[in-house]
Amino acid sequence: MATPVLDKVEAESAASPYITVTFRVRRFNPEVSAEATWEDFQLEIDPKERVLDGLHKIKWELDGTLTFRRSCAHGICGSDAMRINGRNRLACKTLIKDINPEKPITIEPIKGLTVLKDLVVDMEPFFQAYRDVMPFLVTTGNEPTRERLQSPEDRERFDDTTKCILCAACTSSCPVFWNDGQYFGPAAIVNAHRFIFDSRDEAGEQRLEILNDKDGVWRCRTTFNCTDACPRGIEVTKAIQEVKRALITRRF
Amino acid sequence: MKIHKYDTVIVGAGGAGMRAAIEATKRSRTAVLTKLYPTRSHTGAAQGGMAAALANVEEDNWEWHTFDTVKGGDYLVDQDAAEILAKEAIDAVLDLEKMGLPFNRTPAGQIDQRRFGGHSRNHGEAPVRRSCYAADRTGHMILQTLYQNCVKEGVEFFNEFYVLDQLITEVDGVKKSAGVVAYELATGEIHIFQAKAVIYASGGCGKFFRVTSNAHTLTGDGQAAVYRRGLPLEDMEFFQFHPTGIWRMGILLTEGARGEGGILRNKDGERFMEKYAPVMKDLASRDVVSRSIYTEIREGRGCGPEGDHVYLDLTHLPPEQLDAKLPDITEFARTYLGIEPYTDPIPIQPTAHYAMGGIPTNVEGEVLADNTTVVPGLYAAGEVACVSVHGANRLGTNSLLDINVFGRRAGIAAAEYSAKNDYVDLPENPEALVVEQVERLRNSTGTERVAQIRRELQETMDANVMVFRTEQTIKTAVEKIGELRARYKNVAIQDKGKRFNTDLLEAIELGNLLDLAEVMAVSALARKESRGGHYREDYPNRDDVNFMRHTMAYREVGDDGTETVRLDYKPVVQTRYQPMERKY
Ligand SMILES: Cc1cc2nc3c(=O)[nH]c(=O)nc-3n(C[C@H](O)[C@H](O)[C@H](O)COP(=O)(O)OP(=O)(O)OC[C@H]3O[C@@H](n4cnc5c(N)ncnc54)[C@H](O)[C@@H]3O)c2cc1C
Ligand code: FES
């Protein structure tokens with residue numbers, strides 16, 4: 001006997017309320033046209049499915065040229081941040097039922113980074129800002145033979161900012177970043193925070209100096225867009241505030 | 001077409017690739033080619049932990065760990081390799097801590113450890129706390145920490161470069177690695193990377209199943225590239241089905257949930273694992289638990305209107321413990337199922353999870369051309385490889401370990417090889433195969449759709465070669481795969497452009513999945529016994545007399561161009577442990 005096939009597609013479709021939704025997608029392909037346009041797609045879909053499932057349905061059944069990044073499909077790899085109904089989210093972590101499927105669902109690339117094709121943007125400036133804050137543990141002196149000790153409280157101190165998946169949802173929701181791509185942006189500051197507040201690290205001062213730059217933390221105007229956008233629930237604005245405070249008090 | 005020259009080229013930037021890159025970059029001019037940005041790799045999805053007998057919280061040692069690994073693998077493990085894995089585990093974890101990995105800590109400030117399936121004290125006496133972890137984000141932390149250290153070391157990455165072919169040149173009758181051919185996603189340009197040493201670290205191939213914990217991008221590109229060049233694949237019939245995937249979606253809920261005290265229950269609320277594994281219960285090895293779940297379902301004790309799943313019950317655990325130790329998986333239940341795990345049990349079913357088989361290597365990561373001969377300059381590590389430390393069934397937490405131990409070893413060995421050896425000449429028209437493949441797809445006027453063939457492949461794999469197999473189901477799969485392979489020749493894509501043509505790459509990835517699915521099914525058909533993840537209802541017992549051996553599958557092309565899978569076998573390395581019946 002074969003392995004029981006659990007998902008009985010037919011039985012399911014009779015029972016489940018498939019609905020018709022419109023995906024209104026921002027399309028851009030410079031090989032075809034210099035202009036970006038909106039295109040509507042009608043889909044029959046279970047509202048409990050993800051926006052990513054809807055995009056796949058389009059790509060696989062309607063229009064193979066629709067282009068977006070994705071990999072894990074459950075909010076871990078950070079590939080598919082996009083603007084969905086005007087808000088930055090991961091397509092794989094957004095269920096259709098949760099974003100008012102009665103109206104057309106608008107899907108655009110994240111803002112502030114150059115669009116390369118459809119929903120794909122150039123991530124290089126984003127990763128460059130990340131690399132610029134020295135996102136790695138710096139220690140001096142002899143390495144211990146066993147692990148470095150760290151109390152559970154010290155470990156907890158930077159727990160929130162270790163969750164970052166570098167999806168750019170925060171940085172590309174920030175009005176300061178939209179206006180000036182030189183600004184490090186929230187994600188880079190979050191990753192600096194992760195090390196500044198790690199009791200094992202010894203380069204906090206250097207990172208603070210980097211962020212003291214004219215394109216550093218002081219550009220933040222505390223609009224909280226980043227905190228709202230973070231799919232990992234990181235309190236981004238709070239982390240930025242803590243970095244600002246550390247710059248003033250030089251205590252961290 | 002562009003030609004690049006590097007001492008060492010690494011294919012893949014997951015845990016194995018980046019661990020190798022950190023070593024290789026220190027020792028040789030190294031390039032890492034990766035189809036995803038490094039931090040998008042699926043290592044980041046790993047949750048539960050990484051095994052090492054640190055003995056931070058209770059007595060433990062590497063010999064017990066070796067034994068558990070061998071037993072967990074149903075004695076198909078090469079025991080010399082398992083011993084290295086368990087011994088080097090301790091330094092592998094300490095190295096990561098020193099690189100900055102934020103492990104959970106004990107009150108004394110050491111790395112904390114928790115229980116995991118199949119890991120035991122003193123050869124099976126009781127569960128032991130061996131898994132080093134960072135909440136249920138251990139893989140995320142490993143991937144981030146390794147990427148951070150790659151930034152620190154200045155590792156050179158070529159992001160969104162898809163390696164599609166392995167170049168081999170024969171020198172004085174010896175097949176040597178000459179480099180790889182890659183396709184650049186952004187531009188559609190083809191690049192030749194000539195290298196003294198190449199390391200494959202391109203991950204698994206779980207996407208030939210539909211219900212899977214694997215990412216969309218885990219399509220076995222590395223395995224397929226070397227297989228197509230006449231190199232063998234080892235033990236491909238062994239695939240792990242993890243007991244606790246989210247019902248219908250396959251998203252993983254870590255075994256750590258059971259390590260923290262979670263319990264599997266059937267529709268009567270019964271803790272059914274007590275019947276199947278009286279000592280280890282819910283923490284028996286994964287193949288045992290997955291079969292037990294399906295036995296419950298088949299015998300009518302499954303949950304839900306269709307009786308097609310069981311429950312993972314965490315409701316008796318304090319919410320603070322769930323928040324501290326299992327924050328991500330509880331959030332998955334909320335996000336994708338709308339279920340509150342504090343108060344409600346979570347519907348689960350087994351999900352296709354891990355390829356035990358892959359490119360055969362020795363313990364230095366050198367790729368084998370047959371049972372004994374290495375291919376000079378060619379290496380593999382991580383899920384793409386088969387050392388074999390996992391045998392017929394991998395223990396939880398042993399893969400994050402594998403990628404670190406053997407990623408490091410392969411990185412060092414490859415860089416040392418490139419320091420001592422010169423470039424091998426590229427074959428004539430090195431790009432030919434890839435150009436032909438890309439052009440054929442771009443110009444095809446066929447009528448078949450990629451998504452349709454992929455769906456049919458996944459359906460046949462789920463139905464016929466998953467947790468339970470028989471001669472008849474496997475034959476059904478082999479036939480169906482043959483049909484799909486024929487139809488694939490007639491596949492067409494819609495995107496004909498050069499820029500970010502993911503339509504084209506999905507088609508190429510499907511070709512890889514079809515090749516590997518065939519190898520898996522053919523290997524499974526010939527293995528007339530049950531062992532670890534390979535369970536044959538028509539041969540329910542392990543047969544050490546006839547099948548205590550690794551499968552080696554080769555691609556054969558007949559004079560008329562027909563392709564077949566030829567099987568051969570390789571002995572298992574046994575050192576300390578004699579095969580025993582596996583009981584939990
Ligand atoms: C959900 C989940 C949870 C898990 N939990 C655990 C756990 O708790 N403990 C444990 O020990 N194991 C766990 N595992 C298993 C373990 O995480 C994986 O086996 C391991 O991380 C694989 O690492 P890798 O480096 O071999 O491959 P991956 O991390 O998958 O990386 C593959 C890399 O190869 C690249 N690549 C692929 N194809 C190409 C190509 N054609 N050209 C160029 N680059 C390419 C990709 O870009 C990627 O960078 C889990 C697995 C899953 C799916
Ligand atoms: S696809 Fe990985 S985060 Fe959405």
Side-chain angles (χ1 to χ4, degrees), chain A residues 1-8 11 29-32 48 50 59-61 63-65 67-79 93 95 116-118 120 123 127 130-131 135-137 139 143 145-152 154-155 158-159 162-166 195 198 200-201, chain B residues 36-37 39-42 44-45 94 97-100 102 104-105 107-111 134 137 140-141 144 148-149 151-152 186 211 215-217 247-248 251 294 297-298 306 308-309 332 335-336 349 449-451 459 462-464 466-468 470 473 493-495 497-500 502-503 537:
Chain A
M1 188 180 151
T3 304
V5 179
L6 291 188
D7 115 309
K8 301 187 177 95
N29 183 358
E31 280 183 303
V32 176
K48 292 194 292 300
R50 298 159 274 206
K59 184 170 184 72
W60 294 344
E61 293 165 21
D63 183 353
T65 67
T67 304
F68 48 92
R69 293 188 175 107
R70 52 69 176 134
S71 183
C72 74
H74 66 287
I76 289 300
C77 75
S79 295
K93 231 187 154 176
L95 302 193
L116 300 175
K117 183 176 173 185
D118 293 345
V120 174
M123 293 294 288
F127 277 103
Y130 166 81
R131 289 191 291 263
F136 39 78
L137 189 76
T139 58
E143 300 243 302
T145 38
R146 292 288 294 197
E147 67 263 49
R148 290 196 170 75
L149 298 181
Q150 181 170 55
S151 71
D154 284 344
R155 165 66 179 76
F158 62 102
D159 189 60
T162 63
K163 295 189 296 198
C164 176
I165 55 174
L166 298 169
F195 288 100
D198 184 335
R200 299 169 298 174
D201 184 77
Chain B
L36 301 173
Y37 271 85
T39 57
R40 314 288 183 229
S41 305
H42 211 53
L94 296 177
E97 196 283 328
K98 284 167 198 170
M99 287 185 206
N104 276 42
R105 300 288 173 155
Q110 292 175 302
I111 295 169
R137 308 186 177 115
H140 166 75
M141 300 299 188
Q144 296 293 326
Q148 290 155 3
N149 280 272
V151 171
K152 189 175 182 177
V211 177
H216 285 287
T217 45
W247 177 45
R248 290 206 165 117
I251 297 172
Y294 274 130
I297 290 172
R298 283 174 167 193
E306 313 207 4
D308 59 1
H309 56 274
F332 296 157
T335 305
Y336 296 110
Q349 71 176 90
R449 301 287 304 251
V450 170
E459 276 164 11
D462 277 18
N464 296 309
M466 228 183 172
V467 175
F468 292 111
T470 67
T473 65
I493 55 173
Q494 288 175 298
D495 194 338
K498 290 206 170 278
R499 202 177 168 90
F500 286 93
T502 52
D503 203 23
E537 290 188 275

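- The line from OG of S151(A) to CZ of R105(B) is 9.0 Å long, rounded to the nearest 0.5 Å.
- Heavy atoms of T145(A) lying under 4.5 Å from chain B belong exclusively to its backbone.
- Looking at F332(B), only its side chain comes within 4.5 Å of chain A, counting heavy atoms on both sides.
- Between K98(B) and E147(A) there is no salt bridge, since none of the side-chain N atoms of the basic residue sits less than 4.0 Å from a carboxylate O of the acidic one.
- In this structure a side-chain-to-backbone donor-acceptor pair under 3.5 Å is missing from R146(A) to L94(B).
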Subject >> Working for salt bridge (charged side-chain N to carboxylate O under 4.0 Å, His left out), residues D495(B) and K117(A) >> reply: CA-CA 12 Å; D495(B) 194 338; K117(A) 183 176 173 185; 2.7 Å; yes
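- Of the listed residues (L116(A), L95(A), D118(A), D198(A)), the one with the most heavy-atom contacts under 4.5 Å to chain B is L116(A).
- L149(A) is listed as a side-chain neighbour of Q110(B), based on a closest heavy-atom distance under 4.5 Å.
- Neither the backbone nor the side chain of I493(B) comes within less than 4.5 Å of any heavy atom in chain A.
- Looking at M99(B) and L137(A), their side chains never come closer than 4.5 Å, going by heavy atoms from C-beta outward.
- For the set N104(B), L36(B), V151(B), N149(B), the entry with the most heavy-atom pairs within less than 4.5 Å of chain A is V151(B).
- In this structure a side-chain-to-backbone donor-acceptor pair under 3.5 Å is present from E97(B) to R148(A).
- Of all heavy-atom pairs between A215(B) and C72(A), the closest is CB-CA, 3.9 Å.
- Tested against R40(B) for a side chain to side chain contact (heavy atoms under 4.5 Å, CB included), the candidates I165(A), I76(A), L166(A) yield a single pass: L166(A).
- Annotation: the span from S79(A) atom OG to Y37(B) atom OH amounts to 10.5 Å, rounded to 0.5 Å.
- If you measure heavy-atom distances from A186(B) to chain A, you find no contacts under 4.5 Å at all.
- No other option in A108(B), G44(B), G497(B), S41(B) has as many heavy-atom pairs under 4.5 Å with chain A as G497(B).
- Options R69(A), M123(A), R131(A) differ in how many heavy-atom pairs under 4.5 Å they form with chain B, and the most are formed by R69(A).
- Contact of E143(A) with chain B is made through the side chain alone, with heavy-atom distances under 4.5 Å.
- Between atom OG1 of residue T39(B) and atom CZ of residue F127(A) there is a gap of 4.0 Å, rounded to the nearest 0.5 Å.
- With sequence neighbours excluded, no residue satisfies ring-ring contact (aromatic ring centres under 6.0 Å, His included) with F136(A).
- K93(A) contributes atom NZ, which lies 5.0 Å from atom OG1 of T335(B) (distance to the nearest 0.5 angstrom).
- Of the atoms belonging to P102(B), heavy atoms from both backbone and side chain fall under 4.5 Å from chain A.
- When atom types are taken as modelled, the side chain of R499(B) and the backbone of E31(A) share no donor-acceptor pair closer than 3.5 angstrom.
- Proximity of W60(A) to V450(B): side-chain heavy atoms (C-beta onward) are nowhere separated by under 4.5 Å.
- The cationic atom of R50(A) (NZ for Lys, CZ for Arg) lies less than 6.0 Å from the six-membered ring centre of Y336(B) and within 45° of the ring axis.
- Side-chain N or O atoms of H140(B) include none that pairs as donor or acceptor with a backbone N or O of C77(A) at under 3.5 Å.
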